Amino acid sequence: MKKIAAFNWKLKPTNIKEAQATLRAHKKYAKAHPDVQVVSAPPMPFVHKLISDVSPVGLCAQDVSTKFDGAHTGQSSAAMLREVGCSYVIVGHSERRAEFGETDTMVSKKAQIALEQGLTPIICFGEDDRDAQGRYVDLLTEQLKGSLELISDKNSSKIVLAYEPIWAIGTGASITTDDLFSTLILIKKILVDIYGERRANKVQILYGGSVKDHNADELAAVPGVSGFLVGGASHKPEMVKAIIASLA
Ligand code: PGA
């Protein structure tokens, strides 16, 4: 399986010219490293201007509705995302959980509806705090189990997980390699509990939280890391280059 470098643009940039430049950088380094699957998640209003020339980058949405159609103002359905060329969708990002009150149940529904439409959901989860008492372990377990509740055994190989500790997102405070390694073991154990060992081994787990050019190599070398979900560095070509190269 190819490692994944997924770039979440969030609410940036503000204009199409810059959006095209950002995608150009993602494409350039994706072409230089065909052994890495580069995934790019621009703001939806820019997608029509980008889609004609996105290859070999996989187009990704930053969110999806839990509904198929109907009276749901402001939302995009999984079928609509597929229709405009998306093959991935981020679900349950901590910013959506915090700003829009998304629950594990909603996240699981979003992942399920994405799978039904042939999209690969990138399911995000992560603790807000790494307390000395280890309460984050219970929180991670509960969050992951809840977010996977509607994902069948058969579909478990079609999802991608993104472990993103909230305290590391956008702060520059990345996780240590030891802590990442032990957390990946915990995640793997939870997956074995739910899906059994054979299926659990097939689930790709990305790390997200202040992945930059200076720490990508050491984080990529942690056993069990299948790639990265990157926020801020998505808009910086030199960082994009180093992050993709670290996974090659
Ligand atoms: P960051 O964001 O790389 O800016 O920390 C990661 C994310 O929110 O996915």
Side-chain angles (χ1 to χ4, degrees), residues 3-14 18-19 22-23 25-26 29 36-44 57-64 86 88-102 104 107 110-111 114 119-130 136 139-140 143-144 147 159-177 179-180 183-184 187 204-220 222 225-247:
K3 292 200 172 162
I4 297 171
F7 295 99
N8 175 11
W9 302 26
K10 306 192 182 184
L11 195 58
K12 283 182 188 169
T14 52
E18 282 179 51
T22 296
L23 182 66
H26 295 185
Y29 301 116
V36 179
Q37 175 62 59
V38 176
V39 171
S40 200
M44 263 304 124
V57 168
L59 191 64
C60 182
Q62 297 179 16
D63 182 41
V64 63
C86 292
Y88 295 82
V89 59
I90 297 168
V91 299
H93 190 281
S94 61
E95 286 151 16
R96 293 208 56 89
R97 290 179 187 259
E99 287 177 39
F100 301 98
E102 288 190 7
D104 295 334
V107 172
K110 288 181 179 209
L119 302 174
T120 300
I122 300 176
I123 305 172
C124 305
F125 64 100
E127 78 279 5
D128 48 1
D129 182 26
R130 196 160 262 256
Y136 71 92
L139 191 135
L140 278 180
Q143 217 184 25
L144 189 52
S147 303
I159 60 168
V160 172
L161 296 182
Y163 166 60
E164 297 205 300
I166 296 171
W167 50 266
I169 294 179
T171 59
S174 176
I175 196 166
T176 66
T177 51
D179 283 348
L180 179 55
T183 309
L184 290 172
I187 294 166
Q204 289 188 288
I205 308 169
L206 314 184
Y207 168 75
S210 296
V211 178
K212 310 282 181 200
D213 48 356
H214 66 84
N215 60 5
D217 280 342
E218 64 169 20
L219 293 169
V222 174
V225 172
S226 302
F228 296 129
L229 179 55
V230 179
S234 305
H235 300 282
K236 304 203 165 77
E238 283 313 303
M239 291 208 189
V240 169
K241 178 183 180 184
I243 291 168
I244 295 174
S246 77
L247 296 166

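This one's a predicted model, so the numbers in the text were calculated from it and none came from an experiment. All ligand and atom numbering here is 1-based and tracks the order in the structure. Position 1 is the first residue of the sequence; numbering continues from there.
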| note | Taking only non-hydrogen atoms of Ala168 and a 4.0 Å limit, the atoms of ligand 1 in range are 5 (O)

| Numbering as shown, the atoms of ligand 1 that approach Gly170 to under 4.0 Å (heavy-atom distance) | 1 (P), 4 (O), 5 (O)

| So, does Ser94 sit close enough to ligand 1 that a heavy atom of it is under 4.0 Å from the ligand? | no

| request: Within a distance under 4.0 Å of any heavy atom of Leu229, pick out the atoms of ligand 1 and give their elements. | output: 9 (O)

| query | Based purely on interatomic distance, does Ile169 place a nitrogen or oxygen under 3.5 Å from a nitrogen or oxygen of ligand 1? | reply | no

| Taking only heavy atoms of Lys10, which atoms of ligand 1 are found under 4.0 Å from at least one of them? | 2 (O), 7 (C), 8 (O)

| Between Phe228 and Ala220, which heavy-atom pair has the shortest distance, and what is it? | CZ-N, 3.5 Å

| query | Starting from atom 7 (C) of ligand 1, which protein heavy atom do you reach first, and at what distance in Å? | reply | Glu164 OE2, 3.2 Å

| Can a donor-acceptor pair be found between the side chains of Ser40 and Trp9 at a distance below 3.5 Å? | yes

| said: Under a 3.5 Å distance rule, please check whether Glu164 uses its side chain to pair with a backbone N or O of Phe125 as donor and acceptor. | reply: no

| said: Using a 4.0 Å cut-off to any heavy atom of His93, which atoms of ligand 1 qualify? | reply: 7 (C), 8 (O), 9 (O)

| field | Atoms in ligand 1 flagged as close to Gly209, the criterion being non-hydrogen separation under 4.0 Å | value | 5 (O)

| field | Ala216 versus Ser246, closest heavy-atom pair with distance | value | CB-OG, 3.5 Å

| Note: Lys110-Asp63 ion pair, threshold 4.0 Å (strictly below) | yes

| field | More than 12 heavy atoms from other groups under 6.0 Å of NZ on Lys10 | value | yes

| query | Within less than 4.0 angstrom of ligand 1, does Ala233 place any heavy atom? | reply | no

| What atoms of ligand 1 come closer than 4.0 angstrom to any heavy atom of Gly232? | 1 (P), 3 (O), 4 (O)

| message | For Lys12, I'd like to know if atom NZ has over 12 heavy atoms of other residues, nucleotides or ligands within 6.0 Å. | response | no

| field | Pairing of Arg97 and Glu102 as salt bridge, 4.0 angstrom limit | value | no

| field | Top protein contact for atom 3 (O) of ligand 1, by heavy-atom distance | value | Gly231 N, 2.8 Å

| Which side chain to side chain donor-acceptor pair (under 3.5 Å) pairs, counting each pair once, include a residue from residues 119-130, with sequence neighbours left out? | Glu127-Arg130, Glu127-Tyr163, Glu127-Trp167, Arg130-Tyr136, Arg130-Tyr163, Arg130-Thr183

| Any N or O of Ser210 closer than 3.5 Å to N or O of ligand 1 | yes

